[in-house]
Number of protein chains: 4
Amino acid sequence: MPAPATRASHSRHAAASLLLACAAAPAAAAEAPAWFPSEWGVQDQRGAANRITPERTLAALRLAKTGRIHSLAQPFRSDMPIWGGRSFQLTIPHADEPPSKNALTANLDFVAGELGQVGTQLDGLGHVGIGDLYYNGNDRREFVRRNGLQRLGIEHAGPFVTRGVLVDVAAYKGVQRLPPGYEVTAADLQGALARQKLSLREGDTLLLRTGWAQLWKSDPAAYTGNAPGWGPQACEWIVRQKPAATGCDTYGCDVVPNPHDAAVLWPCHQIMGTQAGIYNIENLDLEALAADGAHEFLFVMTPLPLVGASGSPVAPIAIR
Amino acid sequence: MPAPATRASHSRHAAASLLLACAAAPAAAAEAPAWFPSEWGVQDQRGAANRITPERTLAALRLAKTGRIHSLAQPFRSDMPIWGGRSFQLTIPHADEPPSKNALTANLDFVAGELGQVGTQLDGLGHVGIGDLYYNGNDRREFVRRNGLQRLGIEHAGPFVTRGVLVDVAAYKGVQRLPPGYEVTAADLQGALARQKLSLREGDTLLLRTGWAQLWKSDPAAYTGNAPGWGPQACEWIVRQKPAATGCDTYGCDVVPNPHDAAVLWPCHQIMGTQAGIYNIENLDLEALAADGAHEFLFVMTPLPLVGASGSPVAPIAIR
Amino acid sequence: MPAPATRASHSRHAAASLLLACAAAPAAAAEAPAWFPSEWGVQDQRGAANRITPERTLAALRLAKTGRIHSLAQPFRSDMPIWGGRSFQLTIPHADEPPSKNALTANLDFVAGELGQVGTQLDGLGHVGIGDLYYNGNDRREFVRRNGLQRLGIEHAGPFVTRGVLVDVAAYKGVQRLPPGYEVTAADLQGALARQKLSLREGDTLLLRTGWAQLWKSDPAAYTGNAPGWGPQACEWIVRQKPAATGCDTYGCDVVPNPHDAAVLWPCHQIMGTQAGIYNIENLDLEALAADGAHEFLFVMTPLPLVGASGSPVAPIAIR
Amino acid sequence: MPAPATRASHSRHAAASLLLACAAAPAAAAEAPAWFPSEWGVQDQRGAANRITPERTLAALRLAKTGRIHSLAQPFRSDMPIWGGRSFQLTIPHADEPPSKNALTANLDFVAGELGQVGTQLDGLGHVGIGDLYYNGNDRREFVRRNGLQRLGIEHAGPFVTRGVLVDVAAYKGVQRLPPGYEVTAADLQGALARQKLSLREGDTLLLRTGWAQLWKSDPAAYTGNAPGWGPQACEWIVRQKPAATGCDTYGCDVVPNPHDAAVLWPCHQIMGTQAGIYNIENLDLEALAADGAHEFLFVMTPLPLVGASGSPVAPIAIR
């Protein structure tokens, strides 16, 4: 059912599409496609996670041949690379000793920080918008509240159990890691896939390897500086492959700075996330996966249902 | 390799075993078994998660026949039931608007609270001890530090991809939910398993359903009050089944109060966790799983590698 | 110097004045006074704290005759009355023991919460606005940032060392405490002052006693429910007395609910704070002060210079 | 009334005294004075703040001749110098817009960090101990709890309204600021006081200026490195002057490293705080005060009554 009162008008819609179109691909402005309502209906809050059907999950489970599990999460530490003035602090509280005959003792953890957007984390559909408009035309003025988003919270995502495909562009380009500011193109993705003898399927999780995770521990300042990543054309191609999620081993996956126009920020977040409803995982560690030659695998990720959060810390795994 | 300087002496060991033995099962004091070093070696920090082998993972993956996924996590909200004076607060920060041509906007989340020990969460091996002694004889005076445990942190657990078995004691007893203070016995577990025509295998994750999750939203105060749960004899039986993890739908899984001696607190945390290295999941929502008649399934849980934390929030899933 | 680019236009100004005027005092709409630039200049960020001159401070210091100090702050506890979904959690971290020959041990405190707006606290000029307009016409779209207000932060307030006047309306009305929803009028304030044989002077801090602090410990739920407080007419009278600050013993000082129109929220916050630049202190404990018969005194309050915060926790004192 | 069950035995007392005596001043070991019960009685939790009597407060108030106020607090920012792995994060939450006819808008602040021990802050009597023993012989095993100290919390301190004396050792030594590792001696304090033609009186607040505040903004890393400060002999002399509080413009006031023995950590914290019950203020900004030639003044500081905290952020003032 449409909910006219809580949906942006057609004129705002057209304006926003035009705005993004102009920014990202000027020539396409005249034919800017409508990006909402989404293909999953005007009330949908789950986006591309809808592509994770029991059939695809079952097929993905069949990809595992050895049961060997790769953890793709970076360790969460207060001194890890954190972009954008965010923070993460873990404190062990004093251990109270309740009186007991069995000498019970216990430790807890107190965590404070921008939890859904630090460390290895999943961007939900409430994270990035085009002006006031977010996925499926939701207007942030109507859904953002102090103690949580009233629509598009990460609790709507659900679990991801899908075919995972590592697109190892660093290996394709024959480098240890892509240089800062390198724009990964659609041709790069296609070339890397061809080298790996794989193609993408609807509902997949596509993981881009740039090699950037090598800097996580060794050089946190470099990690959060200029970085390789995909550009708008690559992302438009990705959208057409219909993945459920994407991910990469940098802090934002978009190339930084944007080589087309440094004043257009994180365009892929809007193209893939806001418009196409695709989830994005950041700060993955893909080194061991690549070293193992794992290009196609069972991918599992279970976001925390933090009600009203824009994202979630995650610890995704790949199983071969 | 032994590390004598960081291991408790035999006399402390014996004393602690005796203490627990006296508290939990007086008659067994004379034959108190040594509980460390653990069966996985004196340096092991992973405990029963070592039982999750590629072979068992692969076998568990084969259990899925339909690809239907059940989420077992309760939603994380600041008004959820929280036991023990802990807290959870989610705040959406003001959205800064970086100047951009593409009208980029974004929301973040700020979380503060005892994160590893609220909501649906996994107890790690650094959570509960017997006096100063924790899993594998680690002495908390040597490993607890203000910004994280230096041993036994949850980052050592790794992912859980195992056979999952729901032991539906509420259904076995023919009640909507077990009453407060009801002690689940080994006979109850065995009876429920027999009714379900299932037996446990090494490396499984055993999930006890009491029906308590029904109170999560409807009566948070009742949820965190006296609760059903397992008692020491049941837990000793569980230890002998060699699971990787256990879990339940209450806030602590131990019966509260302890009907044998109210001054013996959380004995199963010590019997299964501290001594046997078995991980325990609390505050699960097992209602939909039970309603679906799912008793045996692929279980997946991926703790966040919060370095030095005593536990982790988790969003486990069951796949049939 | 005017800063046209960062100031609201005249039309917005007029509209906002009209809006407030209509809401709070319909008859005055035609003559709605311009409320910015403020009397302290278009760039001023300090408001009525400018009234605290060395001369007035010196005169206030001379009011003390005995040196007896009254603390006016309520104790900060996690179970104190907290209005509006805010939070306060104090945790004592585990005490690390650095190796030392002198057996040094130490405790710290970890605090998380809406610190400037819980407990006994001072509202700064960045706390409340009329639409986008805040004190001195500052537009929140231009100064609110995720990690702090870029204008009107509490660090601009400076210390308050002024004459303090307790206006004991509960005593004037002959009640233990004013009832919930009781509107303190200008006549009440004037009557209480006459009874106390005192008049207000420019630069004073005016403290309204309703008796509400009696509920702080005994009935936290009642404390944060409907409450007595001042109404718009009283506040317009207060503005004309030119105080530096006001304060009271409830959680907001405005009467709740607003008896004139329940849909007009916290009008005194706008009349005194936003428009007149007067600071307001909430959750004071005025019981001992009143019991001591202290109506005129040296008042000292030193807000924490939390850069970019909307307010500060405070522990004001009165010295006789 | 003595409380034998909650007080350390004489033997522990003697041992601790000996330990500190050996560490700080070997020759004095034979005559190690008993340091508890304190001169204010066995139950006292307020220490040297007891010296702030109405008479002394009144006399201090008379010191103000001009009404000019100096703020002595450093601005609290997340990028300020923070020693010891502590943290401070201020977040402005999203501003919810409650529906109102008067267009009410409001900003809040969310703060997370080791609040009582970062920025300009006051060490309470529960902050530092000698082994398990704290001020007045309180045993930390009996009073430290996860959600607050059950004795010696900063809420016992009360307000400080005293004579303040700036001891400008940097000026006395004719340097812009004392060098890192410079030990301020009793002779330095006495020489600086003689130069200033002042002597100390019981109940004073003594503020040591090293000039270190000059580095607060300009070089945060240098600020928290090796620093000038007082040594044990100076502190023993200070104890004999019977101040209520001391303070300085470095992060710990003790000289770092300890030139007598680098393995004896923060000895003045134990000599002045633990044993003598004197409060200590850290991270003061004394530059403007010194530039104004203010050596004797009215000093006011009002710690927040954070129940059970080891310290409090403060914004002390000096009035001439």
Side-chain angles (χ1 to χ4, degrees), chain A residues 76-79 82-98 104-118 121 123 126-129 131-132 139-150 153 224 251-252 265-266 269 306-311 313, chain C residues 76-79 82-98 104-118 121 123 126-129 131-132 139-150 153 224 251-252 265-266 269 306-311 313:
Chain A
F76 285 71
R77 294 176 180 275
S78 57
D79 60 358
I82 298 184
W83 179 84
R86 300 168 192 171
S87 61
F88 176 80
Q89 183 84 346
L90 169 68
T91 299
I92 303 293
H94 172 80
D96 279 1
E97 310 271 81
L104 184 89
T105 63
N107 298 303
L108 302 181
D109 333 278
F110 197 95
V111 167
E114 286 84 352
L115 198 72
Q117 299 292 338
V118 295
Q121 52 84 209
D123 284 354
H127 178 45
V128 164
D132 289 326
D139 188 317
R140 66 169 171 168
R141 292 168 296 187
E142 291 160 2
F143 74 80
V144 180
R145 292 295 176 273
R146 175 162 62 92
N147 288 119
L149 311 180
Q150 296 192 319
T224 53
Y251 59 91
L265 298 178
W266 311 105
H269 276 67
L306 301 166
V307 177
S310 77
Chain C
F76 285 71
R77 294 176 181 274
S78 57
D79 59 358
I82 298 183
W83 179 84
R86 301 168 192 171
S87 62
F88 175 80
Q89 182 85 344
L90 169 67
T91 299
I92 304 292
H94 172 80
D96 278 1
E97 311 271 79
L104 184 90
T105 63
N107 298 304
L108 303 181
D109 332 278
F110 197 96
V111 167
E114 286 85 351
L115 198 72
Q117 300 292 340
V118 295
Q121 52 85 208
D123 283 353
H127 178 47
V128 164
D132 288 328
D139 189 317
R140 66 170 171 167
R141 293 168 295 187
E142 291 159 3
F143 74 80
V144 180
R145 292 293 177 274
R146 175 162 61 94
N147 290 118
L149 311 179
Q150 295 192 319
T224 54
Y251 60 91
L265 298 178
W266 310 106
H269 276 66
L306 301 167
V307 177
S310 77

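Just so it is clear, the model here is predicted, and its values are computed rather than measured. Here is how names work: the chains are called A, B, and so on, in the same order as the sequence lines, proteins then strands, and each is numbered from 1. Excluded from the calculations below are hydrogen atoms, water molecules and symmetry mates; all remaining heavy atoms, backbone and side chain alike, are included.
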Using distance alone, with no hydrogens and no angle check, list the donor-acceptor pairs under 3.5 Å between chain A and chain C.
unit_1: A/Gly84; atom_1: O; unit_2: C/Arg146; atom_2: NH2; d: 2.6
unit_1: A/Ile92; atom_1: O; unit_2: C/His94; atom_2: N; d: 2.6
unit_1: A/His94; atom_1: N; unit_2: C/Ile92; atom_2: O; d: 2.6
unit_1: A/Arg146; atom_1: NH2; unit_2: C/Gly84; atom_2: O; d: 2.6

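Using a 4.5 Å cut-off between heavy atoms, C/Ala95 does not touch chain A at all.
Note: A/Ile92 CD1 to C/Phe110 CZ = 12.0 Å, rounded to the nearest 0.5 Å.
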